[in-house]
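Below: one structure, written as structure tokens.
In what follows, residues are counted from 1 in the order of the sequence shown.
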Amino acid sequence: MSDAKHAADGAPKKGKGKLFLIIGIVVLVLVIGGAAAAFLLMKKSHSDDDGDDATAAHAEKKDAKKEKNKTPPVFVALDAFTVRLQTDTGDSYLQAVPQLRVQNNEIAEQVKTYTPELRHRGLLVIAAKKPTDVTTPAGVQQLSNELRVTFNNILLGKGSQPLPEQISDTAAPDDPVQEVLFTNFIVQ
């Protein structure tokens, strides 16, 4: 009988032992998983705070881009240009209303101060064109680029220099006039 009693007592102890072992393993896995997750989160947070040079430089570029995008562009409207174009036969005219995208409000005030000279030099640039020069999108962009360079020369105190043969579609970052945009453009 004592063997039967030991057999009956031994079976439940083995079952409870396995149950405790399984619960212990599950708890251990959860603890290890939680510790790993906490470690990774702390590491990410730490790298965000300190960051290596590449990450910091990338973050600075992002911030600078956001700051640049927060600043609204500054535009200065010029009165309409109505100019007789160069033709061999008959008369042809161009009417254009340019708007200048400038660096900041200080440049906008400078543009207002120099408006008579800007208009005069702009009229000379446009008057040298033939109707065929300004009837295509590429021709209009070329005229816009030539006016931008002309206006920048005046605002930078370079006077009226001859235009280079090749002009980029984009201004240098420190140019006062970044772009000449036409809000109205008619060739007759």
Checklist entry - Can Thr82 and Leu94 be said to form a side-chain contact (heavy atoms from CB on, under 4.5 Å), step by step? => result CA-CA 6 Å; Thr82 303; Leu94 169 85; over 6 Å; no

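- Using modelled atom types, no side-chain atom of Asn184 and backbone atom of Ala96 make a donor-acceptor pair closer than 3.5 Å.
- With contacts defined as side-chain heavy-atom distances shorter than 4.5 Å, the pair Ile186/Tyr93 does not qualify.
- In this structure, Pro176 and Val102 have side chains that are not in contact, with every pair of non-hydrogen atoms separated by 4.5 Å or more.
- Between Leu156 and Asn153, every side-chain heavy-atom pair lies at or beyond the 4.5 Å cut-off.
- Remark: Arg119 is positioned above the aromatic ring of Phe81, its terminal NZ or CZ atom under 6.0 angstrom from the ring centre and at most 45 degrees off the axis.
- Closest approach of Val177 to Ala171, counting heavy atoms only: O-CB, 3.8 Å.
- A single hydrophobic cluster is not seen to contain both Val74 and Val97; linkage of ILVMFWY side chains at heavy-atom distances under 4.5 Å, directly or through other members, places them apart.
- Under a hydrophobic-cluster definition in which Ile, Leu, Val, Met, Phe, Trp and Tyr are linked whenever side-chain heavy atoms come within less than 4.5 Å, directly or via other members, Ile154 and Leu123 are assigned to the same cluster.
- The nearest pair of heavy atoms linking Ile167 to Gln142 is CD1-NE2, 4.2 Å.
- Looking at every heavy atom in both residues, Pro131 comes nearest to Thr135 through O-CG2, 2.9 Å.
- Counting all heavy atoms, side chain and backbone alike, Leu118 lies closest to Phe151 at O-CE2, 3.2 Å.
- Counting all heavy atoms, side chain and backbone alike, Ala80 lies closest to Gln95 at CB-NE2, 4.2 Å.
- A salt bridge does not link Glu146 with Arg121: every distance from a Lys NZ or Arg NE/NH1/NH2 to an Asp or Glu carboxylate oxygen is 4.0 Å or more.
- With no hydrogens or angles considered, no side-chain donor-acceptor pair links Glu106 and Gln110 at under 3.5 Å.
- Among all heavy-atom pairs drawn from Leu147 and Gly122, the shortest one is CD2-CA, 3.6 Å.
- For Gln103 (side chain) and Gln178 (main-chain N/O), no donor-acceptor pair under 3.5 Å exists by modelled atom type.
- In this view, Gln141 and Asn145 satisfy the side-chain hydrogen bond (donor to acceptor under 3.5 Å, both in side chains) rule, not counting sequence neighbours.
- Around the CZ atom of Phe185, the shell of radius 6.0 Å holds more than 12 heavy atoms that belong to other residues, nucleotides or ligands.
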